[in-house]
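Take a look at the structure below.
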Amino acid sequence: QGRGAPCGEQCSPWPRWSKTERTQMTVKDTETEEAHLSNNINAGQTESASEPDLNNSSTEVVRERGRNWGWMLSGIICVNILILGCALVSGSAYNNVKISTPDLQVFLIIILLLTSIWMVYYVIYTARMENAVIYKDDHAGPVWLRGGLVLFGLLSIIMDIFKIASYVGYLHCDSAVKVAFPVVQLVFILIQTYFLWVHAKDCVQLQRNISRCGLMLTLSTNLVLWMTNVTEESLHQTDLPDYPGNTTKLHTSCSMFKEAYYYLYPFNIEYSLFASAMAYVMWKNVGRVAAEHSHHNIKFSLRDIFLGPVLGVLLVFTGLATFIVYEMEMKKDDHDASKKDQAVMMHFVMNIVIVTLMSVSSVIGCAIYRVDHREHVSEKNPTRSLDVGLLVGASLGQFIISYFSIVAMVATGAKGYLNGLNLAWSILMVIQLGLQNFFIIEGLHREPFHEVEPVAVVPNPYVLEPSQDLSILEVQVTDGKPNSELTAHGHTAEHRHKLAWKRRVLKEVCAFLLMGNIILWIMPAFGARPQFDHDTETEFYKFNMWAAVVNIGLPFGIFYRMHSVASLFEVFLCS
């Protein structure tokens, strides 16, 4: 070149590429320049047109008004149904009020039919309309939550079948509405379970106002059913319902079915609450544009954990054994006060052991969070917000009962071993609720753990060491298997080990707390009422006031335990 040689390949501005590659690069550069020009032109047009154009702003105002109108109307529907249902449920709970159980059931049949009609309309409409649901919320309605809904729905259907078989025996002396109601409720459960299983993740974009009103109708219907079942279950625990004229005409089979469906009430109560929560999330997602692939693919695995599940299962079986003994002793007809006190003492001791172990586990989990450097989730999510709100709100029921018991025990001096155990149980329950709430909420707001892939150093196959042959390098490159010696001095393996023990401890804690909440749900849900079997609070507050405190707070406490199970499972998956 310096001697005036003709300019050829060596002085070309292109690298040593083939003619085809140079042509492709030229086309790509041309397309890139055209794209930049078009973007600049479009940006200029947008900036120039944004100032005088008022159509877009007016459209947004109309949409905002329509959305607010839909929220307000659906809220009004929900509030009216809930207040009317609460008045009817409260009125039917007392014998001196002229509101009978059939009157309440007629109201329930009406709202059940209306809700079922809307859900059928929604399913048919979305099936016929192409691209009716474009966006879906990946966080809403996880498979384990929908699986729990199906399980509770199946047990609720069995309860309705038992109710139908029981009430048929009273048709000659009682209202036929009592048979019609479980039939309608059975159909409603079938429709709603299918509806929520298929459409729980929907972010509805069409007919938004109708969808908001329909979902609020679904939510309020399930809450009224929950209030009805809780009231009937509470009355059953204090005094068995007395059917008119059934003292001489009670069939043995009818009595058997009646006792059987009362044991299935807890599952129907949880079904209504699960459905209410899922309907609320769908209502929040109406009109929402959800991001695709917004969460990581997390799989359930019990690998590398042993202590938490084993101790949790042992705790459940031990609690079941003591609960069965306690219930059998409480249902005996003889009035042996000493044996009943021993059964109550055993129940108190078992609960103290359970809440103590759960408190220690929660402290361990919170300590792990202190050394865990995972980032907090910044994405707004209706499902997570609802989980936290329900967790804190439902725990207030158990807080109320515990603090009322603490005040009664301290005011009376906590005399006797039963009062001392009751005081210790109430204090430990408050501590356990606070620690567990902190552990679960912190876990729900942490990003999931990520698997750390080995960092391999890929050598340049064209740089030869003095003692290396080209053929050996070609074999290594074509095999595509990085040598284990090429990892960054073992730092990756060490980092994965540090992550492994944190993950393992968190999973052990979650598994143990999950099983502990299951047994604490089973005992009160299936009839354990030490608040009435031990009479200190009843004498201190008098029966009517104490019964109101327990019957209001205990259903929320029972729901808190089941909701904690679901939340702990979510934390387990993220760990």
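Quantities reported herein were computed from a predicted structural model and do not represent experimental measurements.
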If you take all heavy atoms of [X] and [Y], which pair is closest and at what distance?
{"X": "G319", "Y": "I519", "value": "C-CD1, 3.8 Å"}
{"X": "H347", "Y": "A528", "value": "CE1-CB, 4.0 Å"}
{"X": "S567", "Y": "I440", "value": "CB-CG2, 3.5 Å"}
{"X": "L155", "Y": "L264", "value": "O-CD1, 4.0 Å"}

**Item:** side-chain hydrogen bond (donor to acceptor under 3.5 Å, both in side chains) partners of E570, counting only residues at least two apart
**Value:**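 Here no residue qualifies.
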
**Request:** Return the set of residues passing side-chain hydrogen bond (donor to acceptor under 3.5 Å, both in side chains) with T228 (not counting sequence neighbours), or none when no residue passes.
**Result:**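 For T228 there are no side-chain hydrogen bond (donor to acceptor under 3.5 Å, both in side chains) partners, ignoring immediate neighbours.
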
**Asked** Can you list the residues that meet the side-chain contact (heavy atoms from CB on, under 4.5 Å) rule with V150, with sequence neighbours excluded?
**Response**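 Here the qualifying residues are T193, W197.
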
**Item:** Qualifying residues under side-chain contact (heavy atoms from CB on, under 4.5 Å), relative to L435, sequence neighbours excluded
**Value:**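 Applying side-chain contact (heavy atoms from CB on, under 4.5 Å) to L435 gives S359, S362, V363, I431.
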
Ring centres under 6.0 angstrom apart ([X], [Y]):
{"X": "Y265", "Y": "W226", "answer": "no"}
{"X": "H199", "Y": "Y122", "answer": "yes"}
{"X": "F439", "Y": "Y369", "answer": "yes"}

**Asked** Mind checking whether W546 and F404 have parallel, tilted or perpendicular rings, split at 30° and 60°?
**Response**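 Tilted, since the angle between the ring planes falls between 30° and 60°.
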
**Message:** Whether the side chain of Q398 engages the backbone of G557 through a donor-acceptor N/O pair (distance < 3.5 Å, no angle test) should be reported.
**Reply:**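 It does not hold such a pair.
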
**Whether S395 side chain and V392 backbone form a donor-acceptor pair below 3.5 Å** =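 Yes, because the side chain of S395 sits within donor-acceptor range (under 3.5 Å) of the backbone of V392.
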
Heavy-atom side-chain proximity of [X] to [Y] below 4.5 angstrom:
{"X": "Y560", "Y": "L390", "result": "no"}
{"X": "F348", "Y": "Y417", "result": "no"}
{"X": "F572", "Y": "L514", "result": "no"}
{"X": "F188", "Y": "T221", "result": "yes"}
{"X": "D202", "Y": "N285", "result": "no"}
{"X": "K201", "Y": "V281", "result": "no"}
{"X": "M523", "Y": "N351", "result": "yes"}
{"X": "C203", "Y": "V286", "result": "no"}

**Prompt:** Can S276 and N222 be counted as having a side-chain donor-acceptor contact under 3.5 angstrom?
**Reply:**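 No - no donor-acceptor pair under 3.5 Å links their side chains.
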
**Asked** Among pairs that include at least one residue of residues 419-432, which meet side chain to side chain donor-acceptor pair (under 3.5 Å), considering only residues two or more places apart or in two chains?
**Response**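 Matches after skipping sequence neighbours: N419-H534, N419-T536, N422-E537, Q432-Q436, Q432-R561.
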
**Message:** I need the single residue from N229, L112, L82 that forms a side chain to side chain contact (heavy atoms under 4.5 Å, CB included) with V224. Which is it?
**Reply:**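 When side chain to side chain contact (heavy atoms under 4.5 Å, CB included) is applied between V224 and each of N229, L112, L82, only L82 qualifies.
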
**Prompt:** How long is the span from the CG atom in L215 to the CZ atom in F195, to the nearest 0.5 Å?
**Reply:**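 It is 5.5 Å, given to the nearest 0.5 Å.
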
**Request:** With sequence neighbours excluded, give me every salt bridge (Lys or Arg N to Asp or Glu O under 4.0 Å) pair touching residues 141-161.
**Result:**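 For residues 141-161, and leaving out neighbouring residues, there are no salt bridge (Lys or Arg N to Asp or Glu O under 4.0 Å) pairs at all.
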
